Amino acid sequence: QVQLEESGGGLVQAGGSLRLSCAASGRSFSGYAMGWFRQAPGKEREFVARITWSGGSTNYGNSVKGRFAISRDIAKNTVILQMNALNPEDTAVYYCAAQRGAHLTQRPAYWGQGTQVTVSS
């Protein structure tokens with residue numbers, strides 16, 4: 001059974017940084033895309049970043065390009081999202097996701113429970 005467990009959320013001031021982790025378990029993720037979505041109150045779910053487990057190819061949502069960086073630690077089965085230059089518009093629940101293939105669609109097969117990120121102005 002696949003499990004994705006996020007950690008690292010919290011409260012940070014604008015301009016600050018946070019590092020989210022997603023511990024993945026339950027299967028081999030070779031051939032999978034892993035990544036992050038976020039959802040703020042009253043807004044639609046938004047793609048944040050994705051990385052391919054095998055090759056490490058990455059892509060980002062337009063609103064986070066140049067500020068966020070996604071990586072993976074294969075030995076620890078963990079996906080990391082380094083978030084820098086945070087602003088209040090980044091406030092949301094951040095969800096880890098996984099899907100077979102090279103890309104994440106809006107409905108990945110697997111989701112974590114989410115971690116809250118709050119950025120104060």
Side-chain angles (χ1 to χ4, degrees):
Q1 182 179 356
V2 172
Q3 289 189 321
L4 304 175
E5 185 173 355
E6 303 96 336
S7 61
L11 174 64
V12 65
Q13 289 188 333
S17 298
L18 278 176
R19 187 172 184 261
L20 303 184
S21 294
C22 172
S25 62
R27 64 160 297 123
S28 167
F29 292 94
S30 176
Y32 272 62
M34 314 284 290
W36 297 86
F37 290 81
R38 67 185 183 185
Q39 188 163 22
K43 294 187 178 181
E44 292 186 355
R45 185 168 56 206
E46 177 186 13
F47 168 75
V48 176
R50 146 261 176 199
I51 187 167
T52 57
W53 191 256
S54 300
S57 173
T58 61
N59 68 302
Y60 297 89
N62 288 333
S63 62
V64 306
K65 281 181 182 176
R67 299 188 298 123
F68 291 12
I70 188 170
S71 61
R72 86 272 192 242
D73 185 330
I74 294 176
K76 295 182 179 178
N77 255 25
T78 299
V79 178
I80 298 159
L81 185 68
Q82 178 66 42
M83 306 186 296
N84 300 321
L86 286 161
N87 59 63
E89 290 69 39
D90 295 315
T91 295
V93 178
Y94 284 70
Y95 297 93
C96 182
Q99 181 170 349
R100 187 188 302 272
H103 301 285
L104 286 177
T105 67
Q106 283 294 321
R107 294 187 177 183
Y110 304 105
W111 289 100
Q113 291 190 335
T115 185
Q116 176 70 46
V117 171
T118 302
V119 184
S120 62
S121 58

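Worth knowing before you read on, the calculation uses all heavy atoms, side chains too, and leaves out hydrogens, waters and symmetry mates. Note that this is a predicted model, so its numbers are computed, not measured.
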Exam field: side chain E6 to backbone G114, donor-acceptor pair closer than 3.5 Å: yes
Under 3.5 Å: donor-acceptor pair, side chain of S57, backbone of T52: no
Side chain proximity check, P108 to R50, heavy atoms < 4.5 angstrom: no
Evaluation steps, side chain to side chain contact (heavy atoms under 4.5 Å, CB included), between W36 and C22: CA-CA 9 Å; W36 297 86; C22 172; 3.7 Å; yes
Residues that, via side-chain heavy atoms closer than 4.5 angstrom, fall in one hydrophobic cluster with F37: F47, V93, Y95, L104, W111
Evaluation steps, side chain to side chain contact (heavy atoms under 4.5 Å, CB included), between T91 and R38: CA-CA 9 Å; T91 295; R38 67 185 183 185; over 6 Å; no
Take a 6.0 Å sphere around [atom1] of [X] and say whether it holds more than 12 heavy atoms from other residues, nucleotides or ligands.
| X | atom1 | answer |
| --- | --- | --- |
| E5 | CD | no |
| Q113 | CD | no |
| R19 | CZ | no |
| Q106 | CD | yes |

Closest non-hydrogen atom pair between [X] and [Y], with its separation:
| X | Y | answer |
| --- | --- | --- |
| G8 | L18 | O-CD2, 3.8 Å |
| C96 | L4 | O-CD1, 3.8 Å |
| P88 | S120 | CG-C, 4.5 Å |
| S54 | S30 | OG-OG, 3.4 Å |
| F29 | A98 | CE2-CB, 4.4 Å |

Please check if [X] and [Y] belong to a single hydrophobic cluster, counting links between Ile, Leu, Val, Met, Phe, Trp and Tyr side chain heavy atoms closer than 4.5 Å.
| X | Y | result |
| --- | --- | --- |
| L11 | V117 | no |
| V12 | M83 | yes |
| I80 | I74 | no |

N84, I70, L86, V48 screened by side chain to side chain contact (heavy atoms under 4.5 Å, CB included) with V64, the one that passes: V48
Stepwise side chain to side chain donor-acceptor pair (under 3.5 Å) test for E46 and S63: CA-CA 10 Å; E46 177 186 13; S63 62; 2.7 Å; yes
Pairs satisfying side-chain hydrogen bond (donor to acceptor under 3.5 Å, both in side chains), at least one member in residues 67-81, at least two apart: R67-D90
